[in-house]
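The structure under discussion appears below in the form of structure tokens.
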Amino acid sequence: VEVQTKMVDENAKLETKMADQKREFDKYIKMAWISIGKRHLGSVSSTISGMQSYSYAAYVPPEAKEVLIYVAGYTGYNARSQSVEVTLETSEDGVRYTKYFYLYHYPQDAVAYNSENMFFPVTRDRCIYVWYPEGKPANNYVLDLYAIGYKQ
């Protein structure tokens, strides 16, 4: 009976340890993101000064909680030095989730690159909104948006 009691106690400890390990694993899985490759959402137009929208609905499953957006930009020769600030945003129920991206032009024969990965909450409309807070910038740059992953 004593040996049997010890075995029951050891099994209970082992079950508790396994349950703790499963909770830790589940927590890790929730933090990890799932890659979907590089899915082009579109190129941000430098000729439009208003808000532009880009849908990721075709690439991110309904159960996703966050979407990982890759923003890639490059600038070329510009007649004068000029900054290009871009605002990226989603919103849900009156709460805005805003991030910023920055590029800079120079009056020289050179190309500059900048990129960033940004997590946004998945919202009902499943879109990223982009605009230039300081108005339409010079035309000699390209900014591309990609969905590259998500979190569940």
Side-chain angles (χ1 to χ4, degrees), residues 13-152:
K13 287 179 185 175
L14 185 58
E15 285 178 12
T16 300
K17 184 177 180 178
M18 288 173 58
D20 289 344
Q21 288 174 338
K22 183 181 182 323
R23 274 191 295 279
E24 285 299 311
F25 178 75
D26 289 346
K27 210 169 22 174
Y28 171 77
I29 289 300
K30 287 181 181 180
M31 291 186 316
W33 61 279
I34 298 164
S35 176
I36 58 172
K38 201 163 99 174
R39 308 296 181 185
H40 192 242
L41 303 181
S43 297
V44 179
S45 174
S46 63
T47 60
I48 298 172
S49 58
M51 185 179 292
Q52 301 170 56
S53 65
Y54 300 87
S55 174
Y56 53 83
Y59 308 115
V60 177
E63 66 271 10
K65 302 288 186 239
E66 293 182 67
V67 60
L68 182 55
I69 300 296
Y70 170 56
V71 184
Y74 70 87
T75 61
Y77 179 83
N78 196 39
R80 62 185 172 86
S81 293
Q82 179 185 12
S83 64
V84 177
E85 184 177 86
V86 181
T87 301
L88 299 98
E89 184 174 278
T90 61
S91 65
E92 187 91 309
D93 298 327
V95 179
R96 296 168 69 166
Y97 305 94
T98 307
K99 304 206 178 190
Y100 304 95
F101 190 77
Y102 191 79
L103 295 165
Y104 204 86
H105 297 282
Y106 295 98
Q108 61 184 4
D109 292 328
V111 175
Y113 293 91
N114 194 8
S115 66
E116 185 72 41
N117 292 330
M118 303 176 177
F119 272 107
F120 287 93
V122 170
T123 55
R124 281 186 291 277
D125 66 2
R126 303 172 77 73
C127 286
I128 299 293
Y129 297 92
V130 181
W131 72 92
Y132 311 104
E134 297 175 9
K136 188 178 81 166
N139 292 330
N140 204 8
Y141 81 98
V142 173
L143 186 67
D144 286 308
L145 300 177
Y146 302 87
I148 62 170
Y150 63 93
K151 288 183 181 180
Q152 294 188 43

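Nothing here was measured: the structure is a model prediction, and the numbers come from that model.
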Of the non-hydrogen atoms in [X] and [Y], which two are nearest, and what is the gap between them?
{"X": "W131", "Y": "G50", "value": "CB-O, 3.9 Å"}
{"X": "P121", "Y": "Y56", "value": "O-OH, 4.0 Å"}
{"X": "H40", "Y": "D144", "value": "NE2-OD1, 3.1 Å"}
{"X": "A64", "Y": "Y150", "value": "CB-CD1, 3.7 Å"}
{"X": "I148", "Y": "W33", "value": "O-CZ3, 3.5 Å"}
{"X": "S115", "Y": "A72", "value": "CB-CA, 4.1 Å"}

What distance separates [X] [atom1] from [Y] [atom2], expressed to the nearest 0.5 Å?
{"X": "L143", "Y": "F101", "atom1": "CG", "atom2": "CZ", "value": "5.5 Å"}
{"X": "I34", "Y": "E66", "atom1": "CD1", "atom2": "CD", "value": "11.5 Å"}
{"X": "K99", "Y": "T87", "atom1": "NZ", "atom2": "OG1", "value": "13.0 Å"}
{"X": "E116", "Y": "Y100", "atom1": "CD", "atom2": "OH", "value": "14.0 Å"}

Pairwise side-chain contact, [X] with [Y], heavy-atom cut-off 4.5 Å (strictly under):
{"X": "Y54", "Y": "I69", "answer": "no"}
{"X": "V122", "Y": "E92", "answer": "no"}
{"X": "V71", "Y": "V130", "answer": "no"}
{"X": "V86", "Y": "Y132", "answer": "yes"}
{"X": "Y59", "Y": "L41", "answer": "yes"}

Stepwise side chain to side chain contact (heavy atoms under 4.5 Å, CB included) check, L88 with L145: CA-CA 10 Å; L88 299 98; L145 300 177; 3.8 Å; yes
Side-chain ([X]) to main-chain ([Y]) donor-acceptor, under 3.5 angstrom:
{"X": "Q152", "Y": "E63", "answer": "no"}
{"X": "N114", "Y": "Y102", "answer": "yes"}
{"X": "R126", "Y": "V60", "answer": "yes"}
{"X": "Y146", "Y": "L68", "answer": "no"}

Is the positively charged end of K151 above the ring of F119, judged by distance under 6.0 angstrom from the centroid and angle within 45° of the axis?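 Flagged: K151 positioned over aromatic ring of F119.
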